[in-house]
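Scroll down for the structure; my scribbles are underneath it.
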Amino acid sequence: MDEANAFIRERLKKLEELSRDGIDPYPSTFPITHLAGDLTGRYATADEAALAAAGPVTLGGRVLSLRGHGKASFAHLKDQTGKIQIYVRQDVVGESAYHLFRRVDVGDFLGVQGRLFRTKTGELTIQVEHLTLLAKSLRPLPDKWHGLSDVEVRYRQRYVDLIANPTVAELFRRRAHVIAEIRRFFDARGFLEVETPMMHPIPGGAAARPFVTHHNALDLSLYLRIAPELHLKRCVVGGLERVYEINRNFRNEGLSTQHNPEFTMLEFYQAYADYQDLMALTEELLPQVVRTVCGSDTITYQGRQISFAPPWPRLSLEEALVKLGGLRPQEVRTEAGLRTAAEASGVAVKPTWGWGKLLVELFEARVEEQLVQPTFVTDFPAELSPLAKARTDDPRYAQRFELYVAGLEVANAYTELNDPREQRRRLEAQAKARAAGDEEAHCMDEDFLRALEYGLPPTAGEGIGIDRLVMLLTDSPSIRDVILFPLLRPEVRGPETTDNDQ
RNA sequence: GACCCGGUAGCUCAACUGGCAGAGUACCGGCCUUUUAAGCCGGGUGUUCUGGGUUCGACUCCCAGCCGGGUCACCA
């Protein structure tokens with residue numbers, strides 16, 4: 001603890017005084033009968049008679065503000081549901097309780113019992129009859145007027161951010177609402193929610209670098225999962241024909257406003273469906289979530305109106321490059337044309353890149369940010385989609401789409417490759433690339449292949465980045481704003497504070 | 001990893017071209033029984049991110065580092 005801080009010293013002094021007076025500053029429980037938000041909602045317009053009939057109320061909360069008037073005081077208490085004003089008079093609570101109240105600071109938790117009334121200015125208020133200190137706070141809260149705006153402190157000490165900035169708590173409620181609504185959607189359609197391993201002996205299901213960890217008893221290297229895909233498909237092999245999972249993936253990559261090393265992903269798999277079916281399903285899912293959570297299917301993201309009303313445009317990668325990327329049709333048809341266009345667009349082209357990689361890189365450079373309204377982009381190169389089924393009419397392309405909203409990739413889906421022979425060839429090619437130094441190429445996974453050999457029905461699967469979806473629905477410019485505790489470098493603390501620092 | 005921007009009181013921010021580090025709020029003491037950014041009187045509580053350097057003198061200029069933000073790179 002930062003003992004040099006005068007604010008903390010002051011509060012420690014009060015804490016000792018309270019203990020000396022026989023007051024437990026950290027009691028264990030406090031049975032409440034009411035919540036602040038319920039009271040202010042239910043009695044918003046109630047008259048005095050109705051308030052008197054309401055009877056006594058008991059609630060707990062954090063002291064957010066204090067206005068002392070000598071032998072009487074006003075304060076606001078905040079609980080999870082909202083805040084409510086309390087009025088403490090010495091002639092009502094008694095001298096010793098009032099003496100205790102005088103040593104209460106902004107930030108302390110207080111339990112009160114009393115009766116509702118309305119002040120001269122019309123605010124619903126609790127006339128306190130009994131008060132109990134529930135927890136003493138030792139650190140001062142941020143400025144009551146300007147709040148907390150230091151981004152670093154907001155991320156590092158999210159607990160302070162949550163106290164000081166009500167919109168932050170609201171944002172995380174909305175995040176929970178989004179996830180609850182997604183569960184409702186899939187549960188209603190016969191999908192089973194499953195939990196597959198987050199520690200994988202063989203990382204797989206995506207092109208990404210994993211985090212490595214180690215199990216001591218088994219003396220086994222393990223990887224934090226980069227995707228649940230391969231296990232979810234194993235579930236479908238086993239007859240769980242509709243499954244979904246909402247949980248964390250971990251990718252050992254750089255950080256940005258769109259990437260946190262651990263992020264929450266929804267993945268779902270539906271047997272007897274293909275990627276076209278999933279486009280239709282996605283056009284149901286997202287509008288339902290957006291309408292329920294935001295109250296409308298149109299949202300504003302960073303100043304731009306975005307409508308989730310279906311249907312959404314569908315563009316192949318090549319069409320997108322021509323229509324939006326300003327390329328000529330003949331340029332996108334050949335590898336040489338793509339390479340020239342990519343170089344002209346300032347892409348750092350590597351000589352090893354083939355047709356497919358050039359196509360996707362050009363798309364990212366010239367088109368991605370223009371896809372503001374929800375747009376399905378289809379016809380990804382099969383060579384970059386080793387787990388997806390190729391199109392039967394042109395095997396250069398995968399049966400795959402990505403969904404873009406506000407320039408963000410929000411979803412990625414494909415018809416699953418279920419031919420074990422073809423999957424083996426693809427994984428062998430990946431393993432070869434990996435051996436040649438491509439750290440993001442897929443690993444060989446014999447058990448996954450064995451599962452496919454038992455037979456995977458025709459299946460389509462999709463992943464939706466929950467953090468990015470929540471960014472859109474909360475108008476947040478950075479993924480860190482929608483993750484309670486985003487990854488930061490460890491805090492370096494001053495030498496005088498390190499000895500108590502666990 | 002590269003580049004740009006930032007770091008001053010618990011919080012929000014000032015401090016001219018290098019010249020005594022300052023406001024609001026919070027906090028402390030006093031007064032105050034319907035206030036609500038309560039009010040009135042008094043009080044500045046600081047490793048100016050860290051470490052060097054230049055200078056008579058550094059919050060300010062230079063170098064190195066730390067942390068954060070952004071852009072790019074990497075990457076879905």
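Here is the naming used below: chain letters follow the sequence lines, and residue numbers restart at 1 for every chain. Note that this is a predicted model, so its numbers are computed, not measured.
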Problem set entry | Among B/C67, B/C11, B/C28, the nucleotide that comes nearest once only the side chain of A/Glu152 is considered | B/C67
Problem set entry | Atom C1', compared across B/C59 and B/U50: separation rounded to whole Å | 14 Å
Exercise. Does any donor atom in the side chain of A/Gln157 or A/Arg139 lie under 3.5 Å from an acceptor atom in the other side chain?
Worked result: no
Exercise. What nucleic acid atoms does A/Arg103 come within less than 4.0 Å of, heavy atoms only: base, sugar-phosphate, or nothing?
Worked result: nothing
Problem set entry | Selection from B/G70, B/A26, B/G24 that lies nearest to any side-chain heavy atom of A/Arg480 | B/G70
Seminar exercise, completed: Side-chain atoms of A/Arg156 come closest, of B/C27, B/U12, B/C67, to B/C67
Problem set entry | Length of the line joining A/Lys71:NZ and B/U34:C1', which is rounded to integer Å | 17 Å
Exercise. In terms of side-chain heavy atoms of A/His69, which of B/C27, B/C75, B/A38 is nearest?
Worked result: B/A38
For this session: Just call it for A/Gly147: base, sugar-phosphate, or nothing, with non-hydrogen atoms closer than 4.0 Å on any strand.
Result: sugar-phosphate
Exercise. Contact class for A/Tyr98 (heavy atom, under 4.0 Å): base, sugar-phosphate, or nothing?
Worked result: nothing
Exercise. Rounded to whole angstroms, how far apart are CG on A/Leu141 and P on B/U12?
Worked result: 13 Å
For this session: Scan A/Ala208 against the nucleic acid and name what it touches under 4.0 Å (heavy atoms): base, sugar-phosphate only, or nothing.
Result: sugar-phosphate
For this session: Go through the side-chain N and O atoms of A/Glu416 and A/Thr459 and say whether any donor and acceptor fall under 3.5 Å apart.
Result: no
Exercise. Which of parallel (below 30°), tilted (30 to 60°) and perpendicular (above 60°) describes A/Phe363 and A/Phe380?
Worked result: perpendicular
For this session: For the residue pair A/Tyr98 and A/Phe101, categorise the inter-ring angle as parallel (less than 30°), tilted (30 to 60°) or perpendicular (more than 60°).
Result: tilted
Problem set entry | Ring-base stacking, A/Trp145 with B/A37 (5.5 Å, 30° cut-offs) | yes
Problem set entry | N or O in side chain of A/Lys144 less than 4.0 angstrom from B/C11 OP1/OP2 | no
Seminar exercise, completed: Re B/G51: Watson-Crick or G-U wobble partner, both distances kept under 3.5 Å, found to be B/C63
Exercise. Who does B/U71 pair with, Watson-Crick or G-U, both distances under 3.5 Å?
Worked result: B/A2
Exercise. Say you pick atom C1' in B/C4 and the same atom in B/G44; how far apart are they, in whole Å?
Worked result: 36 Å
Problem set entry | N/O donor-acceptor pair, side chain A/Gln85 with base B/U35, under 3.5 angstrom | yes
Exercise. If only side-chain N and O atoms of A/Arg89 are considered, is one of them under 4.0 Å from the OP1 or OP2 phosphate oxygen of B/U34?
Worked result: no
Seminar exercise, completed: Between CD of A/Gln302 and P of B/G70 the distance, given in whole Å, is 12 Å
For this session: When you get a sec, tell me which of B/G68, B/A26, B/C75 is the closest nucleotide to the side chain of A/His259?
Result: B/C75
Exercise. Base, sugar-phosphate alone, or nothing: which one does A/Gln90 contact when heavy atoms must sit under 4.0 Å apart?
Worked result: nothing
Exercise. Touch check for A/Phe117, heavy atoms < 4.0 angstrom, all strands: base, sugar-phosphate only, or nothing?
Worked result: base
Exercise. Do A/Asp150 and B/G7 have a side chain to base donor-acceptor pair shorter than 3.5 Å?
Worked result: no
Exercise. Now, which nucleotide makes the Watson-Crick or G-U wobble pair with B/G44, with each of the two distances under 3.5 Å?
Worked result: none
Exercise. How would you label the contact of A/Gln258 with the nucleic acid (heavy atoms, under 4.0 Å): base, sugar-phosphate, or nothing?
Worked result: nothing
Exercise. Nearest to the side chain of A/Glu10 - B/U12, B/U35, B/C28?
Worked result: B/C28
Exercise. Is A/Ser65 touching bases, backbone alone, or none of the nucleic acid, heavy atoms closer than 4.0 Å?
Worked result: nothing
Seminar exercise, completed: Which of B/C11, B/A38, B/C28 is nearest the side chain of A/Asp105? It is B/C28
For this session: Please work out if A/Arg209 contacts a base, only the sugar-phosphate, or nothing of the nucleic acid, heavy-atom cut-off 4.0 Å.
Result: nothing
For this session: Please determine, for B/A21, whether a Watson-Crick or G-U wobble partner exists with both distances under 3.5 Å, and give it or none.
Result: none
Exercise. Tell me: CG of A/Asp91 to P of B/U34, nearest whole Å?
Worked result: 11 Å
For this session: Ignoring backbone atoms, establish whether A/Lys14 has a side-chain N or O less than 4.0 Å from OP1 or OP2 of B/C28.
Result: yes
Problem set entry | Side-chain donor-acceptor contact under 3.5 Å, A/His231 with A/Glu267 | no
Exercise. When you match A/Gly70 and A/Lys357 each to their closest nucleotide on RNA chain B, which lands nearer the 5' end?
Worked result: A/Gly70
For this session: Take atom C1' in B/U35 and the same atom in B/G42, then report the distance between them in whole Å.
Result: 23 Å
Exercise. A/Arg489 near the nucleic acid: base, sugar-phosphate alone, or nothing, with a heavy-atom cut-off under 4.0 Å?
Worked result: sugar-phosphate
For this session: Evaluate the ring planes of A/Phe211 and A/Phe250, with Trp represented by its six-membered ring, and classify them as parallel (under 30°), tilted (30 to 60°) or perpendicular (over 60°).
Result: perpendicular
Exercise. CD of A/Glu95: more than 12 outside heavy atoms within 6.0 angstrom?
Worked result: no
Problem set entry | Nearest-angstrom distance, C1' atom, B/G29 to B/A64 | 46 Å
For this session: Go through A/Phe401 and A/Val377 one step at a time and tell me if the side-chain contact (heavy atoms from CB on, under 4.5 Å) criterion holds.
Result: CA-CA 5 Å; A/Phe401 72 83; A/Val377 177; over 6 Å; no
Exercise. Reckon A/Arg67 has a side-chain N or O less than 4.0 Å from the OP1 or OP2 of B/U35?
Worked result: no
For this session: Run the ring-centre check on A/Tyr275 versus A/Tyr414 and record whether the distance is less than 6.0 Å.
Result: no
Problem set entry | Atom-pair distance (CZ on A/Arg102; P on B/C27), nearest Å | 14 Å
Exercise. Between A/Leu148 and A/Arg118, who's closer to the 5' end of RNA chain B by nearest nucleotide?
Worked result: A/Leu148
For this session: Ignoring backbone atoms, establish whether A/Ser149 has a side-chain N or O less than 4.0 Å from OP1 or OP2 of B/U12.
Result: yes
Exercise. What's the closest nucleotide to the A/Tyr87 side chain, out of B/U12, B/U33, B/G69?
Worked result: B/U33
